[in-house]
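To start, the structure under review is shown below, and the notes come after it.
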Amino acid sequence: LHSPYTLSLHDALPILQRVLERRFDQAAAFDGCYIYLDTQGALTIWHALPAQREAVDQILSRLLSLANLEALEGFANR
């Protein structure tokens with residue numbers, strides 16, 4: 001079964017390319033962020049959890065920014 005948000009690998013590759021370009025063009029801003037695309041086209045962007053709870057919102061903001069999903073930031077911080 002595929003979720004409605006899973007793309008074919010062919011369709012996911014341009015998205016992966018844009019995220020990777022952004023990650024490496026702004027390496028310092030996205031330090032510690034990792035990107036993974038599985039064989040079913042699911043894109044995963046992750047960062048290790050910080051020791052300080054206060055840093056979680058900042059990391060989540062960076063992950064959303066990396067994926068160009070800043071519009072979701074208000075929903076993610078709830």
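Sequence positions, counted from 1, serve as the residue numbers for this chain. Computation of the quantities below employed the complete heavy-atom set of this structure, encompassing side-chain atoms and omitting hydrogens, waters and symmetry-equivalent molecules.
- F24 and I15 end up in the same hydrophobic cluster when Ile, Leu, Val, Met, Phe, Trp and Tyr side chains are linked at under 4.5 Å.
- For the pair R18/N68, no side-chain contact is recorded, criterion being any heavy-atom separation below 4.5 Å from C-beta on.
- Interatomic distance, CD1 of I35 versus CG of L16, reported as 7.5 Å (0.5 Å rounding).
- To the nearest 0.5 angstrom, Q26 atom CD is 7.0 Å from S65 atom OG.
- When each of L64, L60, I59 is paired with R62, the side chain to side chain contact (heavy atoms under 4.5 Å, CB included) condition holds for I59 and for no other.
- With respect to F30, the side chain to side chain contact (heavy atoms under 4.5 Å, CB included) criterion is satisfied by exactly one of D25, V19, L66, I45: L66.
- Under the 4.5 Å side-chain heavy-atom criterion for Ile, Leu, Val, Met, Phe, Trp and Tyr, V56 and W46 are members of distinct hydrophobic clusters.
- In terms of the side-chain hydrogen bond (donor to acceptor under 3.5 Å, both in side chains) criterion, E54 has no residue partners (sequence neighbours excluded).
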